Amino acid sequence: MVALPRPGHAAAAARRRPRGGRGDRRGGYTGLWTAYYLSQAAPQLSIAIVEAEYCGFGASGRNGGWASGLFPVSEAKLTRRYGASRAAAMHAALAGAVDEVGRAAAAEGIDCDYAKGGTITLARTPAQLRRQRGSAGFLDAEAASEICGAEGVLGGVYSPDCAALHPAKLVRGLAAVVEARGVRIFEGTRVRSIARGAVDTTHGLIKAGTVVRALEGYTARLAGHRRALAPVYSLMIATEPLPESNWERIGLRRRETFSDERHMVIYGQRTADDRLAFGGRGAPYHFGSRIEPSYDRVPGVFDSLRDTLTEMFGIRPEIAHRWGGPLGIPRDWMPSVGLADGIAWAGGYVGDGVAAANLAGRTLADLIAGTDSDLTTLPWVGHRSRRWEPEPIRWIGINAALHATTLRDALERPRVS
């Protein structure tokens, strides 16, 4: 949550949690990027970030480290809704955001293990291959296997618009940069509600000319927003560093990120210290959009992720870390950015928020500063998704979709004779 206090109205009742050294500083991408660019565009503004736990507690500190140009709504669908030029502009802006994350990190001295090797989506079943043929960036089996040496590769689609990075290093570095610019970060301060000109927190009221709602998967906890975004969990594992003999076969020499064409999303990267960081969906949606720490760890999903690595690469690696968390999904899967009546918002990234949050931060900075730009005319600006259905329809529908997705993948696997 970002608040831009009115002149003369300090957030005196909110408290700042005592910090240690630089390593303790973290931040949510959307709020921090907004503060970063707005502090440059309008340095006269007083900017505060309000965080219930510590900045970066959510997806910004726990994601798979893909700064990608992916957008959850296809360019074909965007074209039908907004026209070809605006659809192309949306995807071009996201591709540019991948480079902007790297540029800004380098300019500010943030060492986040950024490596722009692109991304490859493998086809490993005949059905997956049929879906990929004719796609831009399609590679045959030999070329795809040269990038990522998984078992049974039949083809793949490569895009240069992706970088691998260490998400926590980025978020910590960015928080330190904006705080050095005078942005105030109030941690351990839960926002109970927002209204035009005010943010009601557990430690007092902040008067603000503009309030930015940037809660992503935790949006459902804010009063009046339970049905705005569905918090759906994605879980991850990270192996111990793998020996060079494994990497000779696996590849990913430029730290390309990887996935395959299955319906249930999986995603992975080769880290700077030669681990496989690998994640996927499949954890259940919880009734009433509940979010609990225990939901971050589902042993069955962790075991499935490890089994998938074994099936893909023929290895049974030791797992060093296991974690997870909620991401925000709008009813129509369309992320959005906007400003109306003193309240701005951004989010609904459906798991592709690392680069999108940078683009959203720049867009919000322009909207708040009153700057007309190419960014403020992008299709996601001002979009409002309809609310999710009430319970129990929401719980039944989302979990039924998860089960159906698992079944579709099972049916596409070749039968072993």
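These values consider heavy atoms only, across backbone and side chains, with no hydrogens, waters or symmetry-generated copies. Owing to the predicted nature of the structure, the values given are computational and were not obtained by experimental measurement.
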Student: Verify ring pair (Phe, Tyr, Trp, His ring centres under 6.0 Å) between Phe313 and Phe258, making sure each step is shown before the conclusion.
Tutor: CA-CA 12 Å; Phe313 298 113; Phe258 68 93; 5.5 Å; yes
Student: Can any side-chain N or O of Asn399 pair as donor or acceptor with the backbone N or O of Trp395 at less than 3.5 Å?
Tutor: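 Flag set: sc Asn399 to bb Trp395 pair under 3.5 Å.
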Student: Can a salt bridge be assigned to the pair Arg213 and Glu216 using a cut-off of 4.0 Å between side-chain N and carboxylate O?
Tutor: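 Salt bridge between Arg213 and Glu216, a charged N being under 4.0 Å from a carboxylate O: no.
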Student: Return yes if some donor-acceptor pair links the side-chain N/O of Ser304 with the main-chain N/O of Gly300 below 3.5 Å, else return no.
Tutor: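 Pair absent, no side-chain N/O of Ser304 close to backbone of Gly300.
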Student: Take a 6.0 Å sphere around NZ of Lys116 and say whether it holds more than 12 heavy atoms from other residues, nucleotides or ligands.
Tutor: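 Counting other residues, nucleotides and ligands, NZ of Lys116 exceeds 12 neighbours.
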Student: Angle class for the His286/Tyr295 ring planes (parallel below 30°, perpendicular above 60°, tilted otherwise)?
Tutor: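 Geometry flag for Tyr295 against His286: parallel rings.
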Student: Quick test of your reading of the model: are Arg184 and Glu179 salt-bridged, counting only N-O distances below 4.0 Å?
Tutor: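 Salt bridge flag = no for Glu179 with Arg184.
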Student: Is a salt bridge present between Arg290 and Glu292, judged by a nitrogen-to-oxygen distance below 4.0 Å?
Tutor: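 So Arg290 pairs with Glu292 through a salt bridge.
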Student: Given Tyr29, which partner from the list Val101, Thr34, Asn358, Val354 fulfils the side-chain contact (heavy atoms from CB on, under 4.5 Å) test?
Tutor: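 Looking at Val101, Thr34, Asn358, Val354, the match for Tyr29 under the side-chain contact (heavy atoms from CB on, under 4.5 Å) is Val354.
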Student: Checking the side chain of Gln269 only, and the main-chain atoms of Gly64 only, is there a donor and an acceptor separated by less than 3.5 Å?
Tutor: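 Pair found, side chain donor or acceptor close to backbone of Gly64.
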Student: Quick one: does Leu94's side chain get under 4.5 Å of Leu70's, heavy atoms only?
Tutor: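 They are not in contact (no side-chain heavy atoms under 4.5 Å apart), so the answer is no.
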Student: Would you call Glu256 and Arg270 a salt bridge, using N to O less than 4.0 angstrom?
Tutor: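 No, Glu256 and Arg270 are not salt-bridged.
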Student: Using side chain to side chain donor-acceptor pair (under 3.5 Å) as the criterion, point out the one residue from His263, Arg130, Gln128, Arg124 that pairs with Glu412.
Tutor: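 One option only clears the test, and that one is His263.
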Student: When you check the side-chain N and O atoms of Tyr267 and Thr119, is any donor under 3.5 Å from an acceptor?
Tutor: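 Looking only at side-chain atoms, Thr119 and Tyr267 do not form any donor-acceptor pair under 3.5 Å.
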Student: Answer yes when Arg362 and Asp366 have at least one side-chain N-carboxylate O distance shorter than 4.0 Å, and no when they do not.
Tutor: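 No, Arg362 and Asp366 are not salt-bridged.
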Student: Is Asp113 paired with Lys169 through a side-chain N to carboxylate O contact shorter than 4.0 Å?
Tutor: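 A salt bridge links Lys169 with Asp113.
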Student: Verify the distance criterion only: is there a donor paired with an acceptor across the side chains of Tyr37 and Glu100 at less than 3.5 Å?
Tutor: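 Their side chains do contain a donor-acceptor pair, which is all the 3.5 Å distance test asks for.
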Student: Indicate yes or no: at least one non-hydrogen side-chain atom of Leu122 is less than 4.5 angstrom from one of Tyr158.
Tutor: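 A side-chain contact under 4.5 Å is absent here.
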Student: Mark yes or no for whether Ser135, through its side chain, and Gln132, through its backbone, hold a donor-acceptor pair below 3.5 Å.
Tutor: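 Side chain of Ser135 to backbone of Gln132, a donor-acceptor pair under 3.5 Å: yes, one is there.
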Student: Please report, to 0.1 Å, the donor-acceptor pairs under 3.5 Å made by any side chain of residues 222-229, with sequence neighbours excluded.
Tutor:
from, atom 1, to, atom 2, distance (Å)
His225, ND1, Ala223, O, 3.1
Arg226, NH1, Gly288, O, 2.7
Arg227, NE, Trp388, O, 2.5
Arg227, NH2, Trp388, O, 3.0

Student: Do Leu364 and Trp345 have side chains that get closer than 4.5 Å, going by heavy atoms?
Tutor: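 No, every pair of side-chain atoms sits at 4.5 Å or beyond.
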Student: With a 3.5 Å distance limit and no angle check, can you tell me whether Arg190 reaches the backbone of Thr202 through a side-chain donor-acceptor pair?
Tutor: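 No: the side chain of Arg190 does not pair with the backbone of Thr202.
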Student: Does CZ belonging to Arg387 count more than 12 external heavy atoms closer than 6.0 Å?
Tutor: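 No - once you tally the heavy atoms of other residues, nucleotides and ligands closer than 6.0 Å, there are 12 at most.
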Student: In chain order, what residues pass the side-chain hydrogen bond (donor to acceptor under 3.5 Å, both in side chains) check against Glu146, with sequence neighbours excluded?
Tutor: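 For Glu146 there are no side-chain hydrogen bond (donor to acceptor under 3.5 Å, both in side chains) partners, ignoring immediate neighbours.
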Student: Below 4.0 angstrom, N of the basic side chain to O of the carboxylate: do Arg262 and Asp409 qualify?
Tutor: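 Between Asp409 and Arg262 there is no salt bridge, as every charged N stays at least 4.0 Å from the carboxylate O atoms.
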Student: Can Asp296 and Arg62 be counted as an ion pair, charged N to O under 4.0 angstrom?
Tutor: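 So Asp296 pairs with Arg62 through a salt bridge.
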Student: Do Glu240 and Arg275 sit within salt-bridge range, that is, some charged N less than 4.0 Å from a carboxylate O?
Tutor: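 Counted as a salt bridge, because a side-chain N and a carboxylate O are separated by less than 4.0 Å.
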Student: Could you please spell out the steps behind the side chain to side chain contact (heavy atoms under 4.5 Å, CB included) verdict for Ile237 and Arg306?
Tutor: CA-CA 8 Å; Ile237 58 175; Arg306 189 184 188 193; 4.2 Å; yes
